[in-house]
Amino acid sequence: MGAKIISGKEIAKEIREELKEEVSRLKEGHGLTPGLVTILVGENPASVSYVTAKQKTAHELGFYSVQDNQPEDISEDALLELIDKYNNDEKIHGILVQLPLPRGVNEERVLNAISPDKDVDGFHPVNVGRMVIGERCFLPCTPHGILEMLIRSGVETSGAEVVVVGRSNIVGKPIANLMLQKREGGNSTVTICHTGTKDLTYHTKRADILIVAAGRPKVITADMVKEGVVVIDVGVNRIGKTPEGKAILCGDVDFDAIKEKASYITPVPGGVGPMTITMLMKNTVQAAKQFAGLD
Ligand code: NAP
């Protein structure tokens, strides 16, 4: 029996339609247009393409959107001043600084300068702290997207054994935390694995839901999972180029083999990726509503 494919592309489309309608209502009913600025430092090709995709989506949803390009050699002080300007700009409700930043700029200091009320990436320690104690906050976009995919696909998470491979601050730790929370899409028993884990297969084989964010192509093979597992593959690995020069992508799991054993699985591309940008948009709408006292 083949697994049901969880299409992040389709779910993201559904959420974007909902957001588009919400943005129209906010504009017509309250004169409120959600505003997003994306700050890009330098010209790293991957960063340029991520920022372009974010701006395109913001436009499509009817946001007020600003792309602010800064030179590679911008000083940390100048970047902090820029963030301060957007913190005080009433038309801007969400600020996104595209990572990575050039060497010599302290990423932590820059991210912490963003007002927690405009931190639509959910990386500010205030939002991270609120998430951990289960308070309302901006959830980090990739874990938020995973949660939505599980909920909208009808996957039962309550009581499930969830195994997360990876402990980064942007994926592994937050998704593990969210799955643990006593609420819809959570209430799971969570194990987090990393390179210090002694027997990875012992853990992955126990998983009812396996979330893999290791950044290692096909590190999870079919013999490492049990029948009926739900697999969320966060990994995006560039493993070559087509003759036309387009990147060939693969995830962290051996999709072709595991889809024969799993009950649900996300593809790469078209799985978690499209959800991440969509949740950024959802957070920006939330930020705008909070700013206007509508939420
Ligand atoms: P990261 O910061 O490099 O963290 C990778 C984590 O995986 C680390 O905790 C590492 O353990 C663990 N790990 C690596 N190899 C392992 C192995 N063989 N066994 C067990 N654990 C292992 O990566 P990240 O930022 O979380 O991203 C992970 C992947 O997701 C990347 O491919 C990235 O491109 C992708 N990603 C996709 C999206 C999206 O929107 N689709 C968003 C974010 C990230 P240690 O801590 O011990 O080193």
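Along the sequence shown, residues are numbered consecutively beginning with 1. Indexing begins at 1, ligand by ligand and atom by atom, following the structure's order.
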Could you tell me if any non-hydrogen atom of A213 lies under 4.0 Å from any atom of ligand 1? yes
Atom 12 (C) of ligand 1: closest protein heavy atom, distance to 0.1 Å, is G166 CA, 3.8 Å
Checking a contact table here: which protein heavy atom is nearest atom 3 (O) of ligand 1, and how many Å away? A214 O, 4.6 Å
With heavy atoms only and a cut-off of under 4.0 Å, state how T195 meets ligand 1: side chain, backbone, both or neither. both
Just go through V234, V272, V164, D233 and tell me whose heavy atom is the nearest to atom 35 (C) of ligand 1. V234
Short version for R216: what comes under 4.0 Å of ligand 1, heavy atoms counted, is side chain
Evaluate V236 for polar contact with ligand 1, using N/O atom pairs at a separation under 3.5 Å. yes
Give the numbers and elements of all ligand 1 atoms closer than 4.0 Å to a heavy atom of V219. 18 (N)
Would you name the heavy atoms of A287 and V120 that are closest together and state the gap between them? CB-CG1, 4.1 Å
Contact between Q181 and N177 at the side-chain level, heavy atoms closer than 4.5 Å - yes or no? yes
Could you name the option among G8, G172, S168 that has the heavy atom nearest to atom 1 (P) of ligand 1? S168
Hey, any chance L210 and I5 share a hydrophobic cluster, counting ILVMFWY side chains that come within less than 4.5 Å of each other, even indirectly? yes
Would you mind checking which non-hydrogen protein atom is closest to atom 31 (C) of ligand 1, with the distance to 0.1 Å? G215 CA, 3.6 Å
At less than 4.0 angstrom from any non-hydrogen atom of I170, what atoms of ligand 1 do you find? 25 (O)
Which of V229, L150, V155, V231 passes side-chain contact (heavy atoms from CB on, under 4.5 Å) with Y264? It is V155
Non-hydrogen atoms of T197 versus ligand 1: any pair closer than 4.0 Å? no
If you round to the nearest 0.5 Å, how far is NZ of K261 from NZ of K259? 14.0 Å
Note the single closest protein heavy atom to atom 19 (N) of ligand 1, along with its residue, its atom name and the distance in Å. L200 CD2, 3.8 Å
L79 and I39, any side-chain heavy atoms less than 4.5 Å apart: yes
Identify the protein heavy atom lying closest to atom 42 (C) of ligand 1, giving its residue, its atom name and the separation to 0.1 Å. T142 OG1, 3.3 Å
The atoms of ligand 1 lying under 4.0 Å from a heavy atom of V165, numbered in the order shown, are 20 (C), 21 (N)
How far is atom 9 (O) of ligand 1 from the closest protein heavy atom, and which atom is that? R167 N, 2.9 Å
Just need the protein heavy atom nearest to atom 43 (C) of ligand 1, so name the residue and atom and give the distance. V171 CG2, 3.7 Å
Set out, in order, the CA-CA distance, both residues' side-chain angles and the distance that settles side chain to side chain contact (heavy atoms under 4.5 Å, CB included) for S153 and I11, then state yes or no. CA-CA 9 Å; S153 303; I11 298 173; 3.9 Å; yes
What closest approach, in Å, do L180 and V190 show between heavy atoms, and which atom pair accounts for it? N-CG2, 3.9 Å
What protein heavy atom sits nearest atom 40 (O) of ligand 1, and how far away is it? T276 OG1, 2.7 Å
If you count the atoms of ligand 1 from 1 in the order shown, which ones are under 4.0 Å from a heavy atom of G273? 40 (O), 41 (N)
With rounding to the nearest 0.5 Å, note down the distance linking NZ in K27 to CG in L32. 10.0 Å
Say you draw a straight line from CE of M275 to SG of C141; how long is it, rounded to the nearest 0.5 Å? 10.5 Å
Pairwise distance CD1(I175) to CG(L147) - rounded to 0.5 angstrom: 5.5 Å
Write down the atom of T284, the atom of H93, and the distance for their closest heavy-atom approach. O-CB, 4.3 Å
